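Let me begin by presenting the structure, written as structure tokens, before commenting on it.
Computed from a predicted model, the values in this text were never measured in an experiment.
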Amino acid sequence: MSWPSGFWTRHPATVAHDLIGWEVLVGGVGGRIVEIEAYHHEDPASHTHSGPTPRNAAMFGPPAHAYVYRSYGVHWCLNFVCGETPGSGLLIRALEPTHGLDLMAERRGRAELRGLCSGPGKVCQALAVTREHNAMPLDRAPFMVSPGKARGVVAGPRIGISKAVDVPWRFGEAGSTFVSRPFPKAS
DNA sequence: AGACTGATATTCT
DNA sequence: GAATATCAGTCTA
């Protein structure tokens with residue numbers, strides 16, 4: 001597998017936009033990216049805004065690696081490290097399930113496709129992503145990240161934050177029914 | 001459908 | 001002690 005040269009070393013919002021429609025597999029299980037959020041080092045809403053900590057250390061490591069953290073003490077959330085400078089990354093918020101549907105349904109405890117990966121915590125539960133995956137490279141097993149195509153890309157404000165709420169760095173595939181929440185209607 | 005609540009790691013004040 | 005890049009359950013209507 002190979003990525004376009006310099007793909008990950010650009011502004012996180014640009015990378016997030018381009019990743020919509022790509023395929024993400026962990027241990028052969030996963031689907032197409034239909035929703036992503038970008039977090040920049042100098043963005044007040046980012047975990048990295050106040051510098052490195054034990055938790056966010058992976059975000060200051062090399063691009064094209066994973067950053068996995070515990071959310072609300074309960075869920076895992078999967079991020080891709082990217083950017084021109086250290087400390088930026090992308091939160092994988094939703095997938096359209098394509099591979100390992102039975103396994104995902106079993107891990108999630110429910111079978112409806114629409115609810116399998118429609119949220120960052122759900123994605124990690126369905127793909128069995130945990131702390132063990134933190135700081136792992138995305139170009140080697142168990143990860144597989146391969147280019148794909150989106151029908152169209154829409155953007156909107158990010159979800160669940162209280163700072164920089166108007167920065168439109170949430171990206172999704174136009175018309176997808178697998179997103180965690182609908183995007184603001186265009187026009 | 002919408003509002004509220006519990007779970008509870010990590011960071012910041 | 002308070003807030004948080006969340007989710008599922010349960011209640012009210």
Contact letters for nucleotides 5-11 of chain B, in which S counts primed atoms plus P, OP1 and OP2 and B counts the base, heavy atoms under 4.0 Å: --BBBSS

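For A:Arg108, the side-chain hydrogen bond (donor to acceptor under 3.5 Å, both in side chains) partners two or more places apart in sequence, or in a different chain, are A:Gln125.
Of all non-hydrogen atoms in A:Ser88 and A:His41, the two that sit nearest each other are OG-N, 3.0 Å.
Going from the P atom of C:dA5 to that of B:dG2 covers 24 Å, rounded to whole Å. Rounded to a whole angstrom, the distance from the P atom of B:dT5 to that of C:dA13 is 14 Å.
Counting heavy atoms from C-beta outward, A:His99 and A:Glu23 have side chains that approach closer than 4.5 Å. A:His17 has its side chain within reach of A:Phe171: a pair of non-hydrogen atoms, C-beta onward, lies under 4.5 Å apart.
Here chain A contacts DNA chain C (any atom closer than 4.0 Å to a heavy atom, that is under 4.0 Å), and the contacts span C:dT4 to C:dG9 from 5' to 3'.
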Steps toward side chain to side chain contact (heavy atoms under 4.5 Å, CB included) verdict (A:Val29, A:Leu25): CA-CA 5 Å; A:Val29 173; A:Leu25 304 181; over 6 Å; no

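Residues of residues 91-123 of chain A that place a heavy atom closer than 4.0 Å to DNA chain B do not occur.
Looking at A:Glu96 and A:Ser176, their side chains never bring a donor and an acceptor atom within 3.5 Å of each other. Residues A:His47 and A:Tyr67 have side chains that bring a donor and an acceptor to within less than 3.5 angstrom of each other.
Taking the six-membered ring where tryptophan is involved, the planes of A:Phe7 and A:Trp22 are essentially parallel, since the angle between them stays under 30° and well short of 60°.
A salt bridge is absent between A:Glu84 and A:Arg10: the closest approach of a Lys/Arg side-chain nitrogen to an acidic carboxylate oxygen does not fall below 4.0 angstrom.
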Intra- and inter-strand pairs of DNA chain B in dot-bracket (Watson-Crick or G-U wobble, both distances under 3.5 Å; | for another strand): |||||||.||||.

List the atom pairs, with distances to 0.1 Å, where a side-chain N or O of residues 152-159 of chain A and a protein N or O form a donor-acceptor pair under 3.5 Å, not counting sequence neighbours.
from     : atom 1 : to      : atom 2 : distance (Å)
A:Arg158 : NH1    : A:Ala38 : O      : 2.8
A:Arg158 : NH1    : A:Asp43 : OD2    : 2.5
A:Arg158 : NH2    : A:Asp43 : OD1    : 3.4
A:Arg158 : NH2    : A:Asp43 : OD2    : 3.1

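A donor-acceptor pair under 3.5 Å links the side-chain atoms of A:Thr53 to the main chain of A:Asn56, judged by distance alone. A:Ser71 places no side-chain N or O within 3.5 Å of a backbone atom of A:Cys77 that could act as its donor or acceptor partner.
Under the 4.5 Å side-chain heavy-atom criterion for ILVMFWY residues, no single connected hydrophobic cluster contains both A:Phe80 and A:Leu91.
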